[in-house]
Amino acid sequence: MIAKVIVDVAAYPIDRPFDYIVPVAMESIIEPGIRVKVPFGNRKVLGYVTGIKNETDIAIDKLKSIDELIDLDPVISSELLDLSRWLAVQTLSYEIDALQVMLPAAMRAKYEKYIDVVDQEKVVDEEFLNLLKGRKRVPLKEADTASLLKVIKNYTSEKIITVDTIVRQQTAIKKVRMIRIEEAPKLHVILESLHSNAKKQFELIQWMIQREGQTFTSKSLLEQSGISPATLKSVIERGAAFEEYVESYREPEAPGMKDVAIPVDLTEEQVVALGHISSSVKSGVAETFLLHGVTGSGKTEIYLRAIKEVLEKGQEAIVLVPEIALTPQMTSRFKARFGPLVAVMHSALSAGEKYDEWRKIQRGEVKVVVGARSAIFAPFKNVGIIILDEEHEATYKQEDTPRYHARDVAIKRAEYYGCPVILGSATPSLESYARASKGVYTLLTLMNRARNQALPAVEIVDMREELRLGNRSMFSLDLAEAIRKRIDSGEQIILFLNRRGFSAFVLCRDCGTVVECPNCDISLTYHRASERLKCHYCGHEEIVPLKCPECTSEHIRFFGTGTQKVEEEITKLFPTARVLRMDVDTTRQKGAHERLLRQFSEGKADILLGTQMIAKGLDFPNITLVGVLAADTTLHLSDFRAAEKTFQLMTQVSGRAGRHELPGEVFIQTYTPEHYAIQLAKEQHYEPFYKHEMAARRQFGYPPFYFVTLVQFSHEDLLKVADFAEKGTRFLKDNLSIDTQIIGPTAAAVSRVNNRYRYQCLLKYKKEPMLTETLQQLIKLYRTKWIKSGLIMTVEVEPMSI
DNA sequence: AGCACGCCGACT
DNA sequence: GTCGGCGTGCTC
C-alpha cells in the first residue's frame, strides 16, 4: 500500500505529493486526511496523507516508509482536502500552506531533535561527556558550540550516537490527570505491606478503601483527602491507583452581556427575506443571497432564525463576522439563542482555547460556529448554511499566503453541501451588489429599521467654514453644542476618529522637516502614552526629538490628530464629561475590549471615543449622538476603494445612533462636504452611491468592471528591484493577451519599507484565459531564479487595496 | 526549506 | 597537510 503525502516543507520543488510505503500495521488505520511523520531527505517531517493507492512510478529503492501516524482519525475531511487543492490553485500558494490554514495553529508541527547514545563505551570526548551528564538522551539544542556539533557529526557517522526527530504539536493539548482507585482487596494487601512509619500513606489508602473503584481528578482527590502530592505519588507507585490523562477543554471566559434583542415579531420585510432563505435551506441547492439591510434593520435576527431551521434539519451553521465586530455583544446573542451548541473563534483566544473550540466542532459537540475569517474552515461535516456578516469588510481577505477571500471559500463549500450562503451588509461591496444586480446572487432588501425608528438625522459640517469663522478646534460649534446637550441630559455619545493616514506626525515649523522612519519612506507617528515616535510599517521606535534633526531649531512639535489628543481636548472643553477611549493602545490587553464596552453599556461614561473598532456592531439604547471628527481621511487614500470605504464607514458609524426608543443625531465633519461619498452617506442612500461609484469604476477600469491582480517586488537595492520589476512586467506583457492592461512597473506608494525598495505591477482584465498559467510561470521563474538574488515577489489575485 | 556533498583559501 | 567557507543539488 502506498500513501500520497504532502510534506510540511514550503518550497517550490516540494509542492507536490510524495509517495511512501504504508507499513502493514498501519494499513487498516490510514486514510486521507491523517497526518503522518515521514523521513524526508535526511530528516523527519510532518506530512498530510492526501491519497491511498496500490502502485507507484517511483523506483522501489527510492521509496521510504511512513514512520508513524500522528492522528488516528482524519483531521482534514475529504471535502476540505479537495478544498485545499482548489485553494492552492486559486491563490497561487503551496498546497501545504492551504492545508495548514485549515487547522488551528496549535496543530502545526514543531520539530525537536534528540541525541541518543548507542554505544556508551566509545564516547570519550570530554565536552560531549559533560553535555550528557550521564544521560542517554539529550536535546540537540543543548549542544550550542561549534566544537560540540563537530563531535556529534563524527559520532553520528561512526554510529556511536543517533539523532532522532520528534514531531509534535506546537501547544500541548490540555490534559487533566485522573486517578482511578483500585478495588478494595488489592488495597488491603498494600495496606498490610506498608512500613509502620508510613502514616500518611496508611491514611490515604484507608481513605481510598472507602472509595474503591472510583475515579477522581488528582486535584479533587488531593483536596478531599487532605493528603500531599508526594504521598499520593508513593501510593500510586505501590499500585493502589492508576493515573490516566484525559483531554480536557479550557473554558473561555463567559460573556457578561445578555441577548438584548429578545425574539420579537419579524417585520414584513424580514418575513419575506427569511422566506427566501428558508426555501433555499429546504431545497438543498446552493444559492448565494445578498442581504442588503440598512443599519438596525434586524439582519442578525434573520441569521438566528435561519440557523434555527438549519439545526432542526440536523445540519450545522457557520457564521463569519469581521474580527473587529466579534464583540461579546454579538457572540452573546448567539449563545443566548443556541446555548452550548455554539463555538466562538476569535483572535483573543489563546492557541489552546482555539484548539479546544476546533475539537468541539470536529467531534460534533457544537453545531454553530461564530468566528472571524478562518472559521470558514470549520471542520463540520454537514453544513446547512454559511453567513458572512458585513460582507464588504476587507478583513475577509487574508493578507498573507494563502491569500484567500472567505467569501469565495464560503461559496465553494456551499456548492459542495448544496446550502445557502448569506452575505449580509448595510453597504455591500460593489462586487457583490453588481453580482446581485446581474442575478448571480439573489438580492434580499431590508429598507426599514426593525423597530421602525427613523434613521438618524445626519448633518454634514463644513470644517472649512468653521475655520473661516475662526474656530480652530477639532469640534465644530454645532457638534460641541450637541455634545454638551447630551452630557446634560445623561445620554451617550460616540465620537469616531478615522485615524488611518492622518496620524500625529512631528514637524519642524522652521524648515518644514517631518521626522521620518530611517527604514521606510513614511513619517513616524507620535504616541503619547510612551512618549515615543513609532513606524507603523516596520515597528521602528525612537524618542521624540527636542531639536529638529535637520536645522536644529527647537520649534519642533507634533501635528495631526490622534485619539489621545482628542481625549485631551474633550477634557478641556467638557470638564465634566467621562470619556472612554478605545483604540489599539487601550485594547491591547486581553479582555480590555469587553471591559471598556461593559463600562460604557453600564453608563459609566458619557463619551466613547475611538477608531475603526467602534464603527461596527455596537448596539446601546442610550446612544443618541454620533460625531465623525474628520470624514475625509479615508477619502484621500490612493486606492480605488477609497470612496467606497468612506461611504461604508460613514454609514456604519451613523447607524450606531438612535437604534432604540431615543432618536439619533449624527454630525459628520469634513473638509470636502461636496464629495458624493459623504453626501450620499447622509441619507444612507446606497443605491445612488452604487450608481455613482460604478460609473467611476467603469471609467477608470477597476473592479467590478475589471478584475485586477497585483504583483509586488521588493529588494534592498533600488536598482535591482527596478530591474526585476521590469523583467517581471515584460514577462507578463509577452505572455498575456493584448486586451489585458498591464500598468507598471511603478514605485509603490510607500516606496521603501524596512529598508527594502518596493515596485509593483498592476494587471487589469475582463477575461484572461492565460492568467493562472502565466502567473504560475512567473512564480516559477521567481522561486527558481530570482529569489536567490534577494528579491521578494508576491502575487495577489483580486487584492482588497492597491 | 534544510541538509549534505563538494571544491578552494587560512591555519595547527 | 586539514578545517571550514558557502555554491549546488536533492528530497518519495
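Here is the naming used below: chain letters follow the sequence lines, and residue numbers restart at 1 for every chain.
The CD1 atom of A/Ile96 sits 12 Å away from the P atom of B/dG2 (whole-angstrom rounding). Here C/dC12 presents its C1' atom at 14 Å from CD1 of A/Ile52, a figure rounded to the nearest Å. Here B/dG2 presents its C1' atom at 14 Å from OH of A/Tyr94, a figure rounded to the nearest Å. As a whole-Å value, the separation of A/Leu140 CG from B/dC3 P is 9 Å. Distance, A/Asp15 CG to C/dC10 P: 19 Å, rounded to whole Å. One can place CD1 of A/Ile14 at 11 Å from P of B/dG2, the figure rounded to the nearest angstrom. Rounded to whole Å, the distance from CG on A/Leu46 to P on C/dC12 is 15 Å. What separates CE of A/Met1 from P of C/dC12 is a distance of 21 Å, to the nearest Å.
Residue A/Arg43 places no side-chain atom within donor-acceptor reach of the base of B/dA4, judged by atom type and a 3.5 Å distance cut-off alone.
Between A/Tyr765 and A/Tyr706, the gap from one ring centroid to the other reaches at least 6.0 Å.
Heavy atoms of A/Phe40 sit under 4.0 angstrom from at least one base atom. A/Pro13 comes within 4.0 angstrom of a base, heavy atoms only. If you check every strand for non-hydrogen atoms under 4.0 Å, A/Ile58 touches a base. Using a 4.0 Å heavy-atom cutoff across all strands shown, A/Arg16 reaches at least one base atom of the nucleic acid.
With no hydrogens or angles considered, a side-chain donor-acceptor pair links A/Glu79 and A/Tyr417 at under 3.5 Å. Judged purely by distance below 3.5 Å, without hydrogens or angles, the side chains of A/Tyr48 and A/Gln100 pair a donor atom with an acceptor atom.
Proximity note for A/Phe18 (side chain, C-beta onward) versus B/dA4, B/dA1, C/dT11: the nearest is C/dT11. When each of B/dA1, B/dC3, C/dT11 is scored by its nearest atom to the side-chain atoms of A/Lys62, the top-ranked nucleotide is C/dT11.
Considering A/Phe724, A/Phe713, A/Tyr12 as possible partners of A/Trp786, the one that fulfils the ring-ring contact (aromatic ring centres under 6.0 Å, His included) test is A/Phe724.
At least one side-chain nitrogen or oxygen of A/Lys113 sits closer than 4.0 Å to the OP1 or OP2 atom of B/dC3. Between A/Asn42 and B/dC3 there is no side-chain polar atom (N or O) within less than 4.0 angstrom of OP1 or OP2.
By the 4.0 Å N-to-carboxylate-O rule, A/Arg35 lies too far from A/Asp8 to be salt-bridged with it.
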